Structure formats: structure tokens, C-alpha cells
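Quick notes on the structure that follows.
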Amino acid sequence: MCPFIFSGSNIESIQFDGLSNVFLKRNIISFIHVNQSIQSSVDRLFLASYRVRLDDSVLSPEIFNGISLLSVSGSVDKIEKETFKKLLNIKLIRLDLEDFRFFFSNGMDWLNGLEFNRDYLIVDFSTENYFFSEEDICLFKNVILNPRIFIYITAPKLECTCTIMWLQRSFNSSKSLFFSLIGEDTLSSSFIASYSQVCWSNTNLSGENCAFEEKLNKCRPQHVGPTFTSNDMLYTSEYFNFMSVVLLPVISTVGLVTNFINVQIIVRIIKEDKEKKFKILNLTMLANSVANLAYFFLYMLHLMNKCVYPNGIFCSTIAHNYFVQLYEIIFVEFFLNCLKILSNMSIILISWIRLSSLVSDNFFILNGNEKNKKRLKWFISVFLFISLMLSVEKVFVAQINTNYFVGDEKEYVEFPNKNTFQHMLLRFRTIINIEIKYYGLVSYVFFVLFILNFLVNDVFLTLTMIGTDIAMLYFLRGKIKLKKLIGKKMVKGKKKDVKLHPEIKDKRIIKTIVLNLFILFLLKFLHLCISIHFLIVKLSYFDKENYCVFNSRICSNYLEFAEVFYSISNIYTVILYYNLNKKYEEAFKKMFWLK
């Protein structure tokens, strides 16, 4: 960036938010060096960053040579040695970082490299989770402090340690000088009031009983890795969000093609089936394919609402649009959930029909009387009605997000906001720019509906699908064993009149059912496990555990990725039908001229 854009400006403060230098988001500012004055004035500079390295291209001396205050928040990996060399007017450097230990481990040369043509410099380390332990004194072994550099530590809970004594040794010997220098400086004086003075008058520790020389001589090189912070948690979830963005159009396209083939073939089978012997089975297969076809069509359009970091590697230009958010609420949140229910129910019914043909029990649909059939139809209708009614809560709890402009990356929430009813967590949500739509008794009503929807439409249906296939596999193995036994008897010349199911021809059917079970366990069960995990997180009321409250994007990103597993499970039905239905196999080969 050319620094002349600031030419002739007189600015009190500049704030850059969301600076990042990682794969998903590279928007670090960098100014070219022109080696001449541009006649600009900036007094204060505020940077909010994630995993960046600060150098003199970011803190351009041509622009920022007159700043008196620099405040950096977020996470910084390192500050290069020459960064502050030409910033001669700076009086206060305030670092409010998430991972101080990793930052310190990458070197403190930037502090040693200061050319001192100023009255004083205050360096403030503001932290809530780093305590300058005794063991970390080696990280500051090579820090050489000018008597006019004063290090302060702002921390709510901090005990005096030898590490702090080592860092503040210049202050301890220059208290009177320090206060005389800042007495007329309102900027520095305003910050002093909030500083921790834990080691200022400590009688238990001193340079002598800390034995600095002995401690520092024992120091050995050590590797310090980065700590997993809240920003890292958000960034990791965005990686999964990015994978969802990449996979979504591919999976949707394949899903549309495979289920369109299913519809074409099954319609042809229904037309050619004169005896209507497998009418219920064919209609159920058709309903499953149509539901999946609609699901993948709506799922592909969901890409309109996808965003992996604003100004990052991908963000739909219409993601914030009012009508796109409305589409997300009505069609993605509600209708997609309804289609998932219909798809799962039809898969269960298909397995149930096949199971009924293997078991001579009046409970099952094909071998039962008309009364049992009516009961089963009534049960399916009532269950579908309850499931769909429970899904309606998604329409009410989702809210159009009109907060388009935010400063902090952590405040950038979902569009739309999909979690607006947890009244008990309202006191935690006040730190985030989120509006609570429902509170009090109404919030508990929606919370109960949310849990019931999960238990009925996710847990119950998934376990029922798995259980039905396991039962079918069990009875099918028995039929095949009986078939082998009859074959042996026929070889011996003993014939027995036993009626066998027409579709039991070889072990290919068993392999297909095992494949189906594998898909269920690997994909739908994995989807279920991820959903259960985040349900538990949402039910947690502890500050650090419930990250879904502080930034709902984290939970949504993982749940969106879990949806990818579910989508893949709806693609392979073409393989399932091909191997389990003789007429489908014949129609498929005929359609693609395979015979």
C-alpha cells in the first residue's frame, strides 16, 4: 500500500480490526517504504490481529513516526527487531495478547533494539491467562532494559514472581524518575491507574533472594508451541466451514444426478409393473428419491449464504442479503429438516418392507392383515406429523441479522442468527453483539422443542435405521443358510417343498446390506455423534465450555460439516437399489445400454 494516501492528514487515532495472515484470511496491511516525509500526523494506533508478525512495513515510520500510543490485541507471533527503531515519539506500547508465552518465546529483540531518543517508554503487558511463572524467566534472559523503559503488567489475578521482578528491575531502581517524567503526561497517567502493582512493594522477593544469575545460568533452549486460544477455536471451525464450501457443490451435483436417475428408473418400473406386486416398495423408493432430489437442490442453493471469514478466502457477496437470510430460515432450516425426516422415514420403511418379506410374523407390513397395515400407516402418519411440527421451532428461533458492520472478528455472528432463545445464558451473551429474541418462559418452550426435535428426528430415526438393517441382515443370513441346507438335501436326492424368497440369490445382498450398515455407522452415526456433542455444549452454562454462546459460528461450522456426512449418505441409494432390486438393476442396465 502506498503511504501517500495519508499525505497531509492529521489523525487522532486509527484502528485496524481483523488483521490476519493465515490461509483462510490474508489481509495484513503492508506499506511500501518511500524514504521521505509525507507530512502526516497520527497520534494513536490500534491493531486487532490474528497470527501476524509485526514489522516496519506494517508500522510504517513514514506514516506512524509521530504516534504516542500503540495498542495491539489478539494474537501476534512475533515483533521484528527493527519495528520500533524509527518510531521515536512513542510513549506507550500496550500488548493485550491471547498467547503471551508463545509470543515471548519468539524473542524480545524488538525491545532491545529500541534507539532511545525519548524521555521514557512504557510497555504494558495486559493479560488474564499468563502469570509470568518462575519457570518462564528464561524467556526473558536476553532482555536488556534501558533505565527509561518501564515494563508494567496489567492482570486481575497476579502474584509477584522472580520473572516479574526481572522484567521490572529498571522500574524498581527508577521509581522517582518515572513519576517525575510522567507527571505532566495525561496519556501515560491515565494508564498508570489500571496497572498491577503486585511487585512494587514486595518484601518477600528481591534481586538477591531471586538469585537471578543462578537461575539464568541454568537456562537451556526450549521449544514453546502456540496455545490453543478462542481465536484458534474459531479459525479451526472455519477450516471445516471452508471444506463444507468446497464439498457442497460437488456433493449436491452428484446427489442431484444419482437421485434423478433413481426417479427415472423407478417411474419406469411402476409403469411396467402390471401385477402391482411391489407397489408399496416402489412408491417408497420413489418418495425417498424425490425427497433427496429436493434436498440436494435446496442444499446447493445454501451456498448463497456461506461465508468463510468476511474479506477471507470465500464469502458470498449476497450472504447478508435480507432475502437470502429469509431463504436460509424457511428453506434450509425448516424445509431441509423436513426433507431429511421424509428421506430417513422412507429408508426405514424400505428396510421394513424387505424385512417383512423375510419374517412370517403378522406384525410386519406385507405379511400382516389389513388391520395391522392400517395401524402401521396411522403410526407413520402421526410420527411424521409430530416430527414436522417439532421442526417448526427452527423458523421461530432463527432471526434476520441486520448487524452488518462489526469491529471485532469475534462479534461477527451468523447471518441469520439461529440461536436466540437461551435466556439463562443472556448474561454471557452481553459481550457479543447478539439480540435475544425470546426470553423468560417462552425461551424454555423453544429450548424444550429444540431438544425434542433432536431426540426424535436425529437420535430415534438414526437408531431405528441401524436396528432395522441389523434385523434384516440377521434374518437374511438365516434364509441363505436354509437355502444351502436345501441344496445339500437335493444333491442327496431328498427334495422338500420349501418356498424361498425370489430375491435371495447369492451373498451379494448380504454384502449390500453390510455396506448400507457401514454407511449408516460411518456417515449418519458420525453426523449424530457431532450433533450430540454440540447439544451437550449448548446445554452447558459454564463460561469456557459453552463456546456456542460466545460465538455461535463455531457450533454452526461444525454442524454444517456434519451435514456433509448426511448428504453423502443420500447419494449411495443408487447402489443400494441396484443391488437389492432385480427390476431396478435391469432398468438401470437398459437405461445405460449395459446389456
Side-chain angles (χ1 to χ4, degrees), residues 1 3 14-22 26-33 42 44-118 120-127 129-130 132 136-146 148-154 163 166-168 170 191 221-227 229 231-232:
M1 185 182 297
I14 296 178
Q15 181 167 336
F16 293 105
D17 288 312
L19 298 180
S20 180
N21 191 30
V22 289
R26 297 188 188 276
N27 66 339
I28 188 73
I29 57 171
S30 180
F31 298 96
I32 60 175
H33 293 294
V42 179
R44 304 182 183 187
L45 177 61
F46 299 87
L47 304 177
S49 60
Y50 176 70
R51 296 300 177 195
V52 300
R53 289 191 170 215
L54 296 181
D55 55 25
D56 59 358
S57 66
V58 178
L59 300 175
S60 170
E62 289 90 352
I63 303 171
F64 304 118
N65 63 328
I67 63 171
S68 59
L69 165 65
L70 170 66
S71 178
V72 183
S73 61
S75 58
V76 175
D77 290 344
K78 186 178 182 179
I79 298 178
E80 300 296 341
K81 183 177 181 179
E82 305 294 324
T83 302
F84 301 113
K85 184 176 182 180
K86 296 181 181 179
L87 304 184
L88 302 179
N89 293 310
I90 192 167
K91 295 181 178 180
L92 175 61
I93 299 174
R94 194 164 195 267
L95 301 179
D96 183 6
L97 306 182
E98 288 188 330
D99 193 359
F100 265 113
R101 194 166 191 268
F102 181 66
F103 168 73
F104 290 140
S105 70
N106 287 325
M108 298 286 286
D109 292 340
W110 58 274
L111 200 56
N112 296 336
L114 287 169
E115 291 186 4
F116 220 86
N117 297 321
R118 66 198 91 197
Y120 66 92
L121 172 65
I122 300 173
V123 180
D124 174 30
F125 298 133
S126 180
T127 176
N129 53 18
Y130 182 70
F132 297 88
D136 284 350
I137 193 173
C138 294
L139 298 177
F140 309 98
K141 177 182 179 179
N142 299 320
V143 174
I144 304 172
L145 295 181
N146 186 291
R148 292 176 182 259
I149 296 179
F150 303 96
I151 292 182
Y152 280 77
I153 300 168
T154 301
T163 302
W166 173 255
L167 285 172
Q168 293 186 336
S170 62
F191 276 87
Q222 58 177 315
H223 172 73
V224 178
T227 303
T229 65
N231 271 328
D232 291 325

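Remember, it's a predicted structure, so these values are computed and weren't measured experimentally.
- One distance of note links CG of Asn21 with CG of Asn27; it measures 8.5 Å at 0.5 Å rounding.
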* Asked: For Val123 and Trp110, what are the C-alpha separation, side-chain angles and deciding distance, and is it a side-chain contact (heavy atoms from CB on, under 4.5 Å)?
  -> CA-CA 12 Å; Val123 180; Trp110 58 274; 4.0 Å; yes
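- Under a 3.5 Å cut-off, the side chain of Asp109 and the backbone N or O of Lys81 do not form any donor-acceptor pair.
- Not a single donor-acceptor pair under 3.5 Å links the side chain of Asp136 to the backbone N or O of Thr163.
- A heavy-atom distance below 4.5 Å is not found between the side chains of Gln15 and Ser71.
- Classified by interplanar angle (parallel below 30°, tilted 30° to 60°, perpendicular above 60°), the ring pair Phe100/Phe132 is tilted.
- Here the CZ-CG distance, from Arg94 to Asp96, works out to 6.0 Å after rounding to the nearest 0.5 Å.
- The 12-atom threshold is not exceeded at NZ of Lys86, counting heavy atoms of other residues, nucleotides or ligands nearer than 6.0 Å.
- Here the side chains of Pro3 and Ile32 are in contact, with some heavy-atom distance below 4.5 Å.
- Under the 3.5 Å distance criterion, the side-chain polar atoms of Asn89 are left unmatched by any main-chain donor or acceptor of Ser68.
- In this structure, Ser105 OG and His223 NE2 are separated by 8.0 Å, a value rounded to the nearest 0.5 Å.
- Residues forming a salt bridge (Lys or Arg N to Asp or Glu O under 4.0 Å) with Arg26 (at least two apart in sequence, or on another chain): none.
- Qualifying side chain to side chain donor-acceptor pair (under 3.5 Å) partners for Thr229, counting only residues two or more places apart in sequence or in other chains: Glu98, Asp232.
- A heavy-atom distance below 4.5 Å is found between the side chains of Phe84 and Ile93.
- Between Leu47 and the choices Val76, Leu59, Asp17, the side chain to side chain contact (heavy atoms under 4.5 Å, CB included) rule is met once, by Leu59.
- Side-chain contact between Arg101 and Leu139 is present, with at least one heavy-atom pair separated by less than 4.5 Å.
- Side chain of Ser49 to backbone of Val52: no donor-acceptor contact under 3.5 angstrom is found.
- Under the 3.5 Å distance criterion, the side-chain polar atoms of Trp166 are left unmatched by any main-chain donor or acceptor of Ile137.
- Using modelled atom types and a 3.5 Å distance limit, the side chains of Asp124 and Thr154 yield a donor-acceptor pair.
- Considering only heavy atoms from C-beta on, Met1 stays 4.5 Å or farther from Ser60 through its side chain.
- The distance from atom NZ of Lys91 to atom CG of Leu121, rounded to the nearest 0.5 Å, is 11.0 Å.
- You'll find the side chain of Arg51 reaches within 4.5 Å of the side chain of Asp99, heavy atoms only.
- How far CG of Leu87 is from CG of Leu45: 9.5 Å, rounded to the nearest 0.5 Å.
- Note that CZ of Phe103 and CG of Leu54 are 8.0 Å apart. Values are rounded to the nearest 0.5 Å.
- Two residues are said to be in side-chain contact when any heavy atoms from C-beta on lie closer than 4.5 Å; Leu70 and Phe64 fail this criterion.
- Residues Leu167 and Phe140 approach most closely at CD2-CD2, 3.6 Å, considering heavy atoms.
- Residues Phe125 and Leu97 fail the side-chain proximity criterion, which asks for heavy atoms closer than 4.5 Å.
- A side-chain donor-acceptor contact under 3.5 Å links Asn106 to the backbone of Asp77.
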